[in-house]
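Here's the structure we're looking at; comments come further down.
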Amino acid sequence: MISGRLLSLSPYKTETTPARIKLSSNELSIEFPEEVKKRIAQEVSKIPFNRYPDPSASLLKEAIAQRLGIDEKNILLGNGSDELIYYLSIAVGEFDRGIFYPVPTFSMYGISAQVIGRERVEVSLEEDFDIDLPNSLRAIEERSPALAYFAYPNNPTGNCFSEHKIRKIREKGLFIVIDEAYYNYSGKTFIEEALQREDTVVLRTLSKIGMAGLRVGFMVAKEEIIRELNKIRLPFNITYPSQVIARLMLTEFYDLIEEEIKKVIRERERLYREMSSMEGIRVYPSSANFILFKSLSMPASLLHKKLVEKGVLIRDFSYLVPQCLRVSIGKKEENDAFLEALYKCMI
Ligand SMILES: *Cc1c(COP(=O)(O)O)cnc(C)c1O
């Protein structure tokens, strides 16, 4: 028999509608040059895939550690940071204590809690999408959750929460997870605290910087915490091809990625300016590689549909944030096509 816990659960939602221009999943829109692909093909062809891969993916871990300037002992790899969210929800605190997160936010925090059967302590963000501290502290006082998730910057709102509010919540004795999936677009991090404290870890991923298909995420934490979480990690959770390709990208071709990240940040500012001057929408500032905006003159679902008809796919988030949609920042041409399509929908 399937557990009752799952009956009320809905699976992770994603956009699968085919479209000419896909700005719906916060991926990095990058076409790697032929020489890169050839080099990858060469390395991939050497993989003895009849064998299990290195269970600790040590070469990939080394490449990540070097990029961050930290020790490999402070890193745990996951099949995407999604897997690490599951591990944290299983490993931190007892199951009779809940999991806190401000909403709206990334859906995996709630899904992992529900799957395991832990209470979800959700507190709505303020009007400006920052943490509502009084209500959060009250909920924590009343329901004593053991673990808190903060997407930093938050998805889908795009802002970074006030650091002092996160720390105030931690002071209540919660173990905090700072999910920095969009770190490369915000430049803000809790890594120093994660390396020093027993109650703070940071999650990162390669998904938003050009490698979503490889499924590589990682956690940065004190060695003691990594050692404990490693006990529940599924063996061989990073596939052989992913270990090889991700390592190659981080060591030999990272310049290409960095250049693209810079372009996305510039494009984000341009898109924000252009969208701010449009009638019929309200735009929210972003520290990530996407922009959230509100449709003022028609239902968000209708605007979404009209954009799809013009070949542009974005994400309708009105089920989570009233009237809001989220557009990922793509290449200049893609953003131009989006702006033009949006403009046409408005007139
Ligand atoms: C995209 C995203 C992730 C998922 O990353 P994967 O490494 O692809 O599993 C995690 N957290 C947030 C906030 C995200 O937006």
Side-chain angles (χ1 to χ4, degrees), residues 11-15 22-30 57 60-61 64 75-89 99-113 115 122 125 129 131 147-161 166 176-186 188-190 194 201-220 229 233-234 237-239 242-243 245-246 249-250 257 261 264 268 284 286-292 314-315 317 320-321 324-330:
Y12 182 83
K13 276 203 192 83
T14 185
E15 264 295 356
K22 187 173 180 288
L23 299 174
S24 56
S25 296
N26 301 341
E27 297 145 336
L28 182 62
S29 195
I30 182 169
L60 172 57
K61 210 187 286 177
I64 291 173
I75 295 177
L76 184 76
L77 296 179
N79 194 290
S81 42
D82 288 342
E83 185 182 41
L84 299 171
I85 292 169
Y86 264 104
Y87 291 168
L88 285 159
S89 294
I99 298 179
F100 170 92
Y101 46 92
V103 288
T105 192
F106 188 54
S107 60
M108 284 306 296
Y109 312 142
I111 292 175
S112 70
V115 167
E122 301 182 343
L125 293 170
F129 299 138
I131 294 168
L147 165 65
Y149 284 105
F150 300 96
Y152 186 81
N154 190 35
N155 178 9
T157 59
N159 58 308
C160 282
F161 303 134
I166 295 176
I176 66 165
V177 179
I178 310 293
D179 181 349
E180 299 180 357
Y182 301 97
Y183 162 73
N184 296 272
Y185 304 95
S186 75
K188 291 171 72 147
T189 182
F190 275 71
V201 303
V202 162
L203 292 181
R204 295 268 183 97
T205 177
L206 303 187
S207 294
K208 312 297 162 43
I209 56 169
M211 292 170 265
L214 299 182
R215 309 305 304 132
V216 176
F218 57 97
M219 182 191 313
V220 178
L229 278 152
R233 182 177 62 85
L234 295 175
N237 62 332
I238 315 294
T239 68
S242 290
Q243 293 189 26
I245 301 169
M249 295 310 300
L250 291 174
I257 290 174
I261 291 170
V264 166
R268 176 183 74 203
Y284 299 97
S286 169
S287 304
N289 67 344
F290 57 81
I291 288 179
L292 186 79
I314 65 170
R315 261 304 277 277
F317 264 102
L320 211 58
V321 201
C324 283
L325 303 109
R326 187 193 71 191
V327 60
S328 309
I329 313 298

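Note that these values count all heavy atoms, side chains included, but never hydrogens, waters or copies made by symmetry. When a ligand or atom number is given, it counts from 1 through the structure's own listing order.
A heavy-atom separation below 4.0 Å is found between R215 and ligand 1. Distances from ligand 1 to the non-hydrogen atoms of D179 include at least one value under 4.0 Å.
Taking a cutoff of 4.0 Å between a charged side-chain nitrogen and a carboxylate oxygen, E27 and K22 qualify as a salt bridge.
Just one of V202, V220, V177, V201 meets the side-chain contact (heavy atoms from CB on, under 4.5 Å) condition when paired with F190; it is V202.
Residue Y182 has at least one nitrogen or oxygen atom sitting less than 3.5 Å from a nitrogen or oxygen atom of ligand 1, judged on distance alone. When only interatomic distances are considered, the shortest N/O to N/O separation between N155 and ligand 1 falls below 3.5 Å.
Between Y101 and F106, the ring centre distance reaches or exceeds 6.0 Å.
Considering all non-hydrogen atoms of both residues, N184 and I261 come closest at O-CG2, 3.4 Å.
The shortest contact between atom 8 (O) of ligand 1 and any protein heavy atom is with S207 OG, 2.6 Å. Looking only at heavy atoms of the protein, atom 7 (O) of ligand 1 is closest to T205 OG1, 2.5 Å. At the top of the distance list for atom 4 (C) of ligand 1, counting protein heavy atoms only, stands D82 OD1, 3.4 Å.
Between the side chains of T239 and R215, no donor N or O sits under 3.5 Å from an acceptor N or O. No hydrogens or angles considered: a donor-acceptor pair under 3.5 Å links the side chains of N26 and Y182. For the residue pair S286 / Y185, no side-chain donor-acceptor distance below 3.5 Å is found, with atom types taken as modelled.
When non-hydrogen atoms are compared, ligand 1 lies under 4.0 Å from neither the backbone nor the side chain of M108. When heavy-atom distances to ligand 1 are checked against a 4.0 Å cut-off, K208 comes that close only through its side chain, counted from C-beta outward. Heavy atoms from both the backbone and the side chain of S81 come within less than 4.0 Å of ligand 1.
Every atom of ligand 1 is numbered from 1 in the order shown, and the set under 4.0 Å from a heavy atom of G80 is 6 (P), 7 (O), 9 (O).
Put simply, the side chain of M211 reaches to within 4.5 Å of the side chain of I257, judged on heavy atoms.
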